[in-house]
Amino acid sequence: MFSASGFRKCLRALACCLATAVLPASGALAKDVAIGVFVYQGERAATEDWTPLLDYLRDAVPAHRFRLDQYDAEGLRGAIAARQIDLVITNPGYYVAMEAEFGISRIATLVSPLALSTREAIGSAVIVHAGRQDLRELTDLAGQRVAAVAPAAFGGYLVAAREMLQRGIDPESDLKEVKFVGLPMSNVIDAVLKGEVDAGIVRACFPEVLAQQGLLRIEQLRILSPRPQVGLPCGLSSPLYPDWPIAVTRETDPALAREVARALLAMPAVAGGLSWSVPADYQPVHDLYRELRIGPYAYLRDITPEGLLRRFWPWLLAALALLAGGVVHTVRVEHLVQRRTAELRESLRARDLAETRMRESQEQMDHLSRLSILGEISGSLAHEINQPLTTIGNYARTVLRRQGNGQLTPEAVTEACDEIVHEAERAGGIVQRIRHFARKREATRDPADLPAIAAEARRLIVGIMAQAPEIVIDNRIGGSCRALADGAQIQQVLLNLIKNAVDASRDLPAARQGIQILLEAKDKRLLIHVIDRGVGLGAAQRAHLFEPFFTTKQDGLGLGLPICKTIVEAHGGRLWAEPNADGPGMRFSVSLPCHEHAA
Ligand code: ADP
């Protein structure tokens with residue numbers, strides 16, 4: 001415990017801090033280093049409080065001339081902003097606020113004689129009239145009138161306000177009234193004692209100081225939610241916070257800051273009992289400001305829909321603009337996509353139409369080409385059909401004659417009828433094949449039986465040509481390779497190639513008139529070669545062979561080979577011509593892709 005004189009000394013020191021100060025008239029002395037001091041009781045001079053410090057610094061740091069400038073909270077803020085001071089001495093609350101706002105930084109923390117440590121120095125006492133039996137805890141204050149020094153007073157309001165908040169009482173809304181009575185702090189005690197309010201908030205130890213000075217009978221008051229602290233002879237309703245710091249501003253010369261800090265740490269506790277220690281941790285003060293959402297944390301109050309709107313409206317506006325832009329963009333893109341899709345659909349439709357027309361005209365051309373081949377190869381068709389008709393007529397006349405002269409035997413009738421039937425079938429077969437070949441039809445793709453197609457082409461040629469040469473089919477296709485093809489079109493190609501081969505060898509000796517159709521499978525392709533021993537073609541003529549209207553025949557059109565080429569290429573194949581490797585004449589080759597699984 002404190003000795004009586006020690007306690008007196010301590011109280012005097014505290015009284016120095018709490019006492020009001022008046023700026024001395026002689027403050028006009030020119031000084032190089034201005035120490036801005038927050039005077040929270042601005043009625044009486046604080047010179048007495050800080051003169052020992054001033055004197056000490058003048059001695060310890062003689063290279064500089066120190067002066068003391070006293071300010072209230074706003075004045076101190078303005079002075080820092082205007083760079084009028086080099087050192088700042090203020091309470092922990094304002095220090096934290098100005099640290100956030102101006103970047104001032106502490107270089108030492110006051111060691112008050114009454115404080116338990118630099119970290120545990122300032123607290124609040126919430127006092128009520130001793131007769132108020134209904135008020136015992138801070139929570140009893142709900143709905144009561146409470147006096148305090150000022151909204152920004154640290155020990156005189158904020159520390160207690162945080163304590164109430166932590167116990168579920170919001171001082172801003174749960175109290176009936178908070179009456180800020182201003183300085184001196186004794187105003188709060190007066191209001192409590194006069195019954196103008198139900199409770200009052202003062203800095204811890206202030207009632208004890210007044211009692212010590214004979215200005216108050218301490219038993220008239222009672223502390224709410226008392227928190228006795230070992231070693232602290234004062235009533236307390238809150239935890240203790242760090243003591244006042246001395247800080248430098250951003251503009252303070254670092255060398256000066258160093259010298260002052262060194263001097264302060266070496267400063268002995270002088271008459272007032274004040275000394276300085278290494279800077280305390282002011283995080284608890286930050287926490288207090290954050291919880292109360294004031295000072296540097298006032299923005300936290302804005303975290304309500306309206307607050308956020310007020311604070312972030314430019315961003316919200318930008319976000320809305322972006323969103324609107326996004327929507328417009330999406331709608332536009334959607335519109336464009338729809339338009340392009342419609343255009344695409346239209347062009348696909350046009351393409352389909354064009355393809356249909358092309359296919360129709362191709363089919364038309366195929367048909368005409370077939371008729372043309374027929375026209376060319378059936379020069380002696382009348383003669384061919386005439387032959388069986390003549391034979392039929394002859395047999396019929398023979399039967400009639402024999403009947404007339406009585407020589408008609410049943411055997412003769414049977415023989416004549418057999419021949420007539422045979423010849424009639426022969427003529428009918430010729431007509432049938434021509435009609436089948438000449439009919440109009442649509443292109444198909446089926447597994448093609450090439451040997452059968454070649455055989456049918458040979459039958460057709462032999463059936464309708466007056467003097468068809470010998471046509472040998474050499475089938476060397478093995479394995480499972482089949483072509484997917486339109487059989488009639490491939491037959492048409494073969495007929496064209498065979499007809500050209502016949503034409504090329506027509507006027508040559510019999511030995512050069514044979515035609516070979518060679519079928520083989522090679523490298524996943526089916527090959528059809530039409531080989532003749534005819535007049536052949538020179539290189540210059542071969543270069544134009546597949547061009548439309550190239551012909552060496554008097555009655556030729558020069559369309560047969562171009563049409564064949566178109567048909568073969570429509571099957572994914574190739575048609576080409578080269579001289580016969582085994583003698584005179586030409587070899588025309590068709591290659592078609594193999595479809596292994598086309599069964
Ligand atoms: P066209 O038979 O109406 O002349 P093609 O396109 O079928 O039309 O033939 C074009 C030309 O190619 C023929 O006139 C002929 O000169 C030549 N040709 C085609 N096949 C052979 C062949 N096997 N031998 C020699 N020349 C040929």
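Numbering of ligands and ligand atoms starts at 1, following listing order.
- Residue N496 has at least one heavy-atom neighbour below 4.0 Å for each of these atoms of ligand 1: 7 (O).
- Residue D507 places its CG atom among 12 or fewer non-hydrogen atoms of other residues, nucleotides or ligands, all under 6.0 Å distant.
- Surrounding CG of D352 are more than 12 heavy atoms belonging to other residues, nucleotides or ligands, all under 6.0 Å away.
- Contact between P562 and ligand 1 is present, with at least one heavy atom of the residue lying under 4.0 Å from the ligand.
- By heavy-atom distance, the residue among L497, N500, V535 lying nearest atom 9 (O) of ligand 1 is N500.
- Ligand 1 lies less than 4.0 angstrom from a heavy atom belonging to G558.
- For ligand 1, the atoms sitting less than 4.0 Å from at least one non-hydrogen atom of K499 are 2 (O), numbered in the order shown with element in parentheses.
- Interface atoms of ligand 1 facing L545, defined by a heavy-atom separation under 4.0 Å, are 12 (O), 17 (C).
- When heavy-atom distances to ligand 1 are checked against a 4.0 Å cut-off, L537 comes that close only through its side chain, counted from C-beta outward.
- In the displayed structure, R445 atom CZ is contacted under 6.0 Å by more than 12 heavy atoms of other residues, nucleotides or ligands.
- Inter-residue side-chain proximity for Y94 and R77 is flagged as unmet; no heavy-atom pair is nearer than 4.5 Å.
- Listed by number with element, the atoms of ligand 1 under 4.0 Å from a non-hydrogen atom of A504 are 22 (C), 24 (N), 25 (C).
- Salt bridge annotation for E360-R357: absent, with no cationic side-chain nitrogen under 4.0 angstrom from a carboxylate oxygen.
- Surrounding CZ of R119 are at most 12 heavy atoms belonging to other residues, nucleotides or ligands under 6.0 Å away.
- Close contacts of ligand 1 with T551, meaning ligand atoms under 4.0 Å from a residue heavy atom, involve 1 (P), 4 (O), 14 (O).
- A donor-acceptor pair is defined here as one N or O able to donate and one able to accept, closer than 3.5 Å; such a pair exists between the side chain of H571 and the backbone of I567.
- Set against the non-hydrogen atoms of L557, the atoms of ligand 1 under 4.0 Å away are 3 (O).
- Contact of the R574 side chain with the S589 side chain is not registered, since no non-hydrogen atoms from C-beta on lie closer than 4.5 Å.
- Atoms of ligand 1 lying under 4.0 Å from any heavy atom of G556, numbered from 1 in the order shown and given with element: 3 (O).
- L292 is not listed as a side-chain neighbour of Y157, based on a closest heavy-atom distance of 4.5 Å or more.
- Looking at F546, F549, F588, it is F588 that brings a heavy atom closest to atom 22 (C) of ligand 1.
- Of the N or O atoms in L561, one or more lie within a sub-3.5 Å distance of an N or O in ligand 1.
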